[in-house]
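What follows is a single structure, written as structure tokens, with notes after it.
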Amino acid sequence: MTRRAEAIEILHAAAQHIDAVHELETECFPAPWRREFFESELHASGRLNLVALRSQQVIGYLFAMWFFDEMHINKIAVAEAERRQGVALALMQECLSFAAGRGIKVLSLEVRQSNQGAQDFYRRLEFEPAYLRPRYYPDGESAVVMSKTIE
């Protein structure tokens, strides 16, 4: 069976996933969250924390928070070898389904201004650029804040 044919499983993140999530975080981001941040998110209220697994291995994650009718996607990442194979889409679809079921009306996220691929991906999911957040990242790069309204 090829890796692509093996099913992606989306689960709620749990303590046993945190080491793998943090390892992936450090591979994907130049200024990664500390492990403790992910751990604390598991116990906080108003959170949706998901992992994508293939063959029992964490290949992606999404951590989001919501308050009343707004949700913010704090983190989403996919292992480099797994990109462009539907992992991020599966995570986002689960997030959007969860949001719709909770009566959430607006979703937002930040993406690096230079990351055109990610911006294109979010546009395909009907996120629109809302505004620029100057010098948002530790290296001084600005973030494009994107949002989506759910009707």
Side-chain angles (χ1 to χ4, degrees), residues 3-25 27-29 31-33 35-133 136-137 142-151:
R3 180 175 59 204
R4 211 174 269 199
E6 295 170 14
I8 298 168
E9 186 178 14
I10 305 295
L11 301 174
H12 288 277
Q16 70 263 23
H17 301 123
I18 295 301
D19 286 338
V21 165
H22 187 252
E23 185 176 326
L24 184 53
E25 171 82 359
E27 292 170 10
C28 293
F29 296 104
W33 271 13
R35 185 189 184 286
E36 297 79 29
F37 290 174
F38 289 104
E39 205 166 48
S40 69
E41 289 295 298
L42 293 181
H43 308 291
S45 62
R47 299 300 194 270
L48 175 65
N49 304 314
L50 303 172
V51 290
L53 305 177
R54 188 188 309 273
S55 301
Q56 307 293 315
Q57 300 298 309
V58 173
I59 59 170
Y61 60 85
L62 181 150
F63 278 61
M65 59 182 277
W66 83 91
F67 189 71
F68 294 115
D69 63 349
E70 295 184 23
M71 177 178 263
H72 185 77
I73 299 168
N74 293 317
K75 286 287 184 175
I76 181 171
V78 174
E80 190 171 352
E82 296 285 347
R83 292 181 187 160
R84 292 173 177 64
Q85 296 183 41
V87 179
L89 181 60
L91 287 163
M92 288 297 293
Q93 286 173 332
E94 185 70 24
C95 180
L96 291 168
S97 176
F98 176 90
R102 292 275 177 171
I104 292 167
K105 302 293 182 203
V106 178
L107 282 86
S108 63
L109 54 85
E110 291 94 10
V111 61
R112 283 183 176 269
Q113 189 174 17
S114 64
N115 193 341
Q116 196 59 53
Q119 290 177 49
D120 292 344
F121 170 72
Y122 296 125
R123 278 192 187 93
R124 286 192 297 277
L125 293 171
E126 300 178 342
F127 281 78
E128 295 293 329
Y131 57 92
L132 197 64
R133 196 167 268 159
Y136 178 74
Y137 295 100
S142 297
V144 176
V145 177
M146 301 183 78
S147 65
K148 174 185 175 75
T149 302
I150 299 177
E151 306 202 9

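Summarising the geometry, atom OG belonging to Ser108 is positioned 5.0 Å from atom NE2 belonging to His72; distances are rounded to the nearest 0.5 Å. To the nearest 0.5 angstrom, Ile150 atom CD1 is 11.5 Å from Glu70 atom CD. Taking CG of Asp69 as the reference point, atom OG1 of Thr149 lies at 10.5 Å (rounded to 0.5 Å).
Counting only distance, with no hydrogens or angles, the side chain of His22 and the backbone of Trp33 share a donor-acceptor pair below 3.5 Å. Judged purely by atom type and a 3.5 angstrom limit, Asn49 has no side-chain atom pairing as donor or acceptor with the backbone of His12.
Remark: Lys75 qualifies as a cation-pi partner of Phe29 under the 6.0 Å distance and 45° angle criteria applied to the six-membered ring. Both tests hold for Arg112 against Tyr137: distance to the six-membered ring centre under 6.0 Å, angle to the ring axis within 45°.
No side-chain heavy atom of Leu50 sits less than 4.5 Å from a side-chain heavy atom of Tyr61. Counting heavy atoms from C-beta outward, Pro32 and Glu27 have side chains that stay 4.5 Å or more apart. Contact of the Met71 side chain with the Phe98 side chain is registered, since non-hydrogen atoms from C-beta on lie closer than 4.5 Å. Contact annotation: the side chain of Asn74 never approaches that of Phe37 to less than 4.5 Å [non-hydrogen atoms, C-beta and beyond]. Two residues are said to be in side-chain contact when any heavy atoms from C-beta on lie closer than 4.5 Å; Ile59 and Val78 fail this criterion. Looking only at side-chain heavy atoms (C-beta outward), Cys95 and Ile73 come within less than 4.5 Å of each other.
Counting all heavy atoms, side chain and backbone alike, Ala88 lies closest to Ile76 at O-CD1, 4.2 Å. When all heavy atoms are compared, the tightest approach of Ile10 to Ala52 is CD1-CB, 3.7 Å. Smallest separation of non-hydrogen atoms from Gln113 and Val144: CA-CG2, 3.9 Å. Here the shortest heavy-atom pairing between Trp66 and Leu48 reads CZ3-N, 3.9 Å. The minimum heavy-atom distance between Ala14 and Leu42, with the atom names listed, is C-CD1, 3.7 Å. Closest approach of Leu96 and Leu107 over heavy atoms only: CD2-CD2, 3.7 Å.
The number of heavy atoms from other shown groups lying within 6.0 Å of CD (Glu126) does not exceed 12. Counted within 6.0 Å of CD on Glu36, heavy atoms from surrounding residues, nucleotides or ligands total more than 12; the atom is thus considered enclosed.
With ring centers used as reference points, Phe127 lies 6.0 Å or more from Phe121.
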Show, in sequence, the C-alpha distance, side-chain angles and deciding distance for Ile8 and Leu53, and conclude whether the side-chain contact (heavy atoms from CB on, under 4.5 Å) test is met. CA-CA 6 Å; Ile8 298 168; Leu53 305 177; over 6 Å; no
Given salt bridge (Lys or Arg N to Asp or Glu O under 4.0 Å), test Asp19 with Arg35 step by step and report yes or no. CA-CA 7 Å; Asp19 286 338; Arg35 185 189 184 286; 2.7 Å; yes
Could you give me the CA-CA distance, side-chain angles and deciding distance for Tyr122 and Lys148, then say whether side-chain contact (heavy atoms from CB on, under 4.5 Å) is met? CA-CA 9 Å; Tyr122 296 125; Lys148 174 185 175 75; over 6 Å; no
Chi angles and distances behind the side-chain contact (heavy atoms from CB on, under 4.5 Å) call for Cys28, Arg83: CA-CA 11 Å; Cys28 293; Arg83 292 181 187 160; 3.4 Å; yes
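For the side-chain contact (heavy atoms from CB on, under 4.5 Å) with Met146, the qualifying choice from Gln119, Glu128, Glu110 is Gln119, the only one to do so.
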